[in-house]
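Worksheet: one structure, shown below.
No experiment lies behind these values; they were computed from the predicted model shown.
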Amino acid sequence: MAPSSVSSAALELRLGIVGMSCASCVSRVEKALKELPGVTEVSVNLATEQASLKAMPEVLVGQLADAVRKAGYEVMTQSVELQIDGMSCASCVGRVEKALLKVPGVLHAAVNLATEKATVEVLSSVTFATLAAAVGKAGYSAKPVAALQPETAPGLIPEWWPVAASALLTLPLIAPMLIQFVGIDWMLNGWVQLVLATPVQFWLGRRFYRAGWKAVKARTGNMDLLVSLGTSAAYGLSIYQLTQSEGGHLHHLYFEASAAVITLVLLGKWLEARAKRQTADAIRALNALRPTIARVLIDGNEVSMPVEQIAIGDLVVVRPGERIPVDGKVVSGQSQADEALITGESLPVSKEVGDQVTGGSVNGEGLLHVRTGAVGAETTLARIIRLVESAQAAKAPIQRMVDRVSAVFVPVVLVVALLTFAGWMAYAGNWEEALINAVAVLVIACPCALGLATPTAIMAGTGVAARQGILIKDAEALEVAHSVTAVAFDKTGTLTEGKPSLVSIEAVQGVSAEEVLRIAGSLQKTSEHPLAHAVLEKVRELKIVAAEVSDAKALPGRGIQARVDGELMLLGSTRLMQEHHVDPGELGVRAAVLESEGKTISWLLRQHDSSAELVGLLAFGDTIKPSAYQAISRLHQLGIKTVMLTGDNQGSAHVVAKALGIDEVRAELLPGDKASIVQELRGQGHVVAMVGDGLNDAPSLVAADVGLSMSTGTDVAMEAAGITLMRGDPRLVADAFDVSRRAYSKIKQGLFWAFAYNVLGIPLAALGMLNPVVAGAAMAFSSVSVVTNALLLRRWRGAATE
């Protein structure tokens, strides 16, 4: 079948790339993909070996794969088999194939009517659920035949045995050099050396030739080219010396150098691959939370079925100790849920009728019946995984500088090696010595470390943050967060519990407090605001019957208005009362006292044709989160200025700010005002972070250098900010900046050592001060050291989890 086209505009795709070995490979793949018409954005990550790109509808998936292959690499694909139910004729075959080919990321699809199976070649990012959904839309159903199995890419050596085999063949070659230290002068026969070195060079080392040749055909260079040239030169020189000898005995053969370099590089690559896999532990841990089977209650009977087949609205049974398979609402039962790996919350969370549960969390001791609210890609867990994968695939701004260096690195090294050879020939006239020094230059140069420094630190940082409830949306947010100098907080729900209670009801003369509450409750019946919940809770407690309302209208940043019993009533902030030029009279004195105690005031007004009159006020109390004290203190320790932006009155705002020690307070603000103040802080030279709930604070979250959305595990405003905090714990704000600073520090350390290594190592090799074996060892372990240093981030623990 022909490759499919990418459906819908500017789709995001991920391609697994096989064969990349260094930063120059990254540049080559990016360049190849960017040259395709319709490809708008490309980002290649050496650590994950993935290309993330955006492409327009006219771009064929096969074209993307071809472009990667022409650059000298392969695209990682999966062969997926589906059992198709419902087909009856050849036209069904065509319909299923057409439906599968429309899925972004499908390269080929072939359906067999006789076996009722579809064999589909897809990019590694395409899931079975996506394919099954496409078949379902075509009017058929699909079941898995076998688990997805990635194809083994040619030339990729993932196991340890090639390293062991190479080491066994190389050990006799380097043994004479080692025993010289104890005074034994012995040399292995030259022809025996040839027999041992040849399989290392051309069998175990063939991956370097293959990848290096592809680089040559693409008119570029990479680490494999440097290794293959350097070791071939040493091997060839040894062959020449051997053929010039009598009896095969010479002391100046370099078989041990070529074999040892290949062995050490293979060892380094194996250790590097193991380390890189550890940077993706967070993704694997999250994927492991996905249950595969669920019990669904159908006509009173429990039926086990794959999670992919569950529909929204299905009633799922979750037994004690089981992992909850879907996002939904508890309709029966009482228990606790362990959400540690999703929200970072270490303590179990109580769950009862009406509470939301998150798929992937573990049910406690009770039996729960859960009404499914989200399935597949829309579940909280799927969105978290998607967000972390996106952040780990993205490229930090600092990486652009590395890319520019990497683009010219290999050509410069080749020129330096040629100059080294020419210089030594001119200086000493010994072509053997000149060649060996040039070989040392080739094998010590390491563009891999440059390419790995940034992505491995980003992967480790975003991964460990995700496991503790901090979701970093992209690499740019991680990089910006480390330099934040001012943090602006919303108050309600961020620094306070966000669950205010109605503590006082005051009415004007001639109106009862119960009437004020009845009207307020009627106005708030459809509102989701925390103050509305407090009003409605009091209405239910006192068993007051609310009136029917009409013409309800929200007044952003001010309150709400509606007709109650035929009269236009307004309930809202002091700003709303001032806009209607209402004199609070005696209630103003009472309001001032309540505000000085930290209470929030809502005013109830009756609107006439051209004026409004005061009916009463409601006073609400909210509790400061205990963790907010530590959060503000830690931010001050980090040298960060704290600002509180709130729509509440001045008195309530200043009481909270004073208790917490916040540096600056701005109160009685509209959402647009918050955004303006954020811009004002930026104008003062601050790098500003805004912390809010991700909904009504959206303008200020966007206006800030980095936005932090404080949310819960089942209501995640992931698109509203650069960083999402999975728990309502303000200590996570300081934790986010701390992990960002540590990750950025690892990036700088990795880049420093990568640059320093090459800047020092290449001149030393050119001056003849490094043996090729030592140079090869240094090159092999430079990448390992960079990745290992980044992995130290996995030990990080935030204050919110201590």
Partners meeting ring-ring contact (aromatic ring centres under 6.0 Å, His included) with Phe755 (sequence neighbours left out):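 Phe755 satisfies ring-ring contact (aromatic ring centres under 6.0 Å, His included) with no residue once adjacent residues are dropped.
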Spacing of [atom1] belonging to [X] relative to [atom2] belonging to [Y], to within rounding of 0.5 Å:
{"X": "Leu414", "Y": "Leu442", "atom1": "CG", "atom2": "CG", "answer": "6.5 Å"}
{"X": "Lys746", "Y": "Thr456", "atom1": "NZ", "atom2": "OG1", "answer": "10.5 Å"}
{"X": "Thr198", "Y": "Leu204", "atom1": "OG1", "atom2": "CG", "answer": "11.5 Å"}
{"X": "Arg323", "Y": "Thr292", "atom1": "CZ", "atom2": "OG1", "answer": "11.0 Å"}
{"X": "Leu33", "Y": "Arg28", "atom1": "CG", "atom2": "CZ", "answer": "12.0 Å"}
{"X": "Ile458", "Y": "Glu479", "atom1": "CD1", "atom2": "CD", "answer": "7.5 Å"}

Donor-acceptor contact below 3.5 Å, side chain [X] vs main chain [Y]:
{"X": "Glu97", "Y": "Val111", "result": "yes"}
{"X": "Glu30", "Y": "Val44", "result": "yes"}
{"X": "Thr379", "Y": "Val375", "result": "no"}
{"X": "Asp327", "Y": "Ala374", "result": "no"}
{"X": "Thr77", "Y": "Glu121", "result": "no"}

Criterion side chain to side chain contact (heavy atoms under 4.5 Å, CB included) on Asp85 and Gln83, from CA distance to verdict: CA-CA 7 Å; Asp85 292 334; Gln83 185 72 49; 4.2 Å; yes
Within 6.0 angstrom of Trp753 CH2, more than 12 heavy atoms from elsewhere: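 Not more than 12 within 6.0 Å, no.
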Would you say that [X] contacts [Y] through its side chain, given a criterion of any heavy-atom pair below 4.5 Å between the two side chains?
{"X": "Val80", "Y": "Thr119", "result": "no"}
{"X": "Met726", "Y": "Leu471", "result": "yes"}
{"X": "Arg69", "Y": "Tyr73", "result": "no"}
{"X": "Leu169", "Y": "Pro199", "result": "yes"}
{"X": "Leu792", "Y": "Asn789", "result": "yes"}
{"X": "Leu64", "Y": "Val39", "result": "yes"}
{"X": "Arg207", "Y": "Leu266", "result": "yes"}
{"X": "Ile17", "Y": "Glu74", "result": "no"}

Provide the closest heavy-atom pair for [X] versus [Y] in the form atom of the first, atom of the second, distance.
{"X": "Arg742", "Y": "Leu793", "value": "CB-CD2, 3.7 Å"}
{"X": "Ile262", "Y": "Gly205", "value": "CG2-CA, 4.1 Å"}
{"X": "Ala71", "Y": "Ala32", "value": "CB-CB, 3.8 Å"}
{"X": "Ala743", "Y": "Ala457", "value": "O-CB, 3.9 Å"}
{"X": "Ile723", "Y": "Ala477", "value": "CG1-CB, 4.4 Å"}
{"X": "Tyr140", "Y": "Val96", "value": "CD1-CG2, 3.6 Å"}

Test item: side-chain donor near acceptor, Ser785 and Tyr757, under 3.5 Å: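 Ser785 vs Tyr757: no donor-acceptor pair found between side chains.
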Side chain to side chain contact (heavy atoms under 4.5 Å, CB included) evaluation trace for Leu53 with Glu41: CA-CA 5 Å; Leu53 56 91; Glu41 293 181 26; over 6 Å; no
side-chain contact (heavy atoms from CB on, under 4.5 Å) involving Ala129 - partner list, sequence neighbours excluded: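 Residues passing side-chain contact (heavy atoms from CB on, under 4.5 Å) with Ala129: Thr127, Glu308.
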Test side chain to side chain donor-acceptor pair (under 3.5 Å) applied to Thr263 and Thr170, step by step: CA-CA 7 Å; Thr263 301; Thr170 303; 2.8 Å; yes
Parallel, tilted or perpendicular: ring planes of Trp161 versus Trp203, cut at 30 and 60 degrees: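 Answer is tilted, since the angle falls between 30° and 60°.
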CA sep, side-chain torsions, deciding dist, call: Leu381, Thr358, side chain to side chain contact (heavy atoms under 4.5 Å, CB included): CA-CA 8 Å; Leu381 181 57; Thr358 307; 5.5 Å; no
side-chain contact (heavy atoms from CB on, under 4.5 Å), paired with Val103, selected from Val122, Leu123, Thr130: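 Running side-chain contact (heavy atoms from CB on, under 4.5 Å) over Val122, Leu123, Thr130 with Val103 returns exactly one hit, Thr130.
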From CA spacing to verdict: side chain to side chain donor-acceptor pair (under 3.5 Å), Tyr209, Gln201: CA-CA 9 Å; Tyr209 286 101; Gln201 187 73 36; 2.7 Å; yes
Working for side chain to side chain contact (heavy atoms under 4.5 Å, CB included), residues Val126 and Leu131: CA-CA 8 Å; Val126 178; Leu131 299 174; 3.9 Å; yes
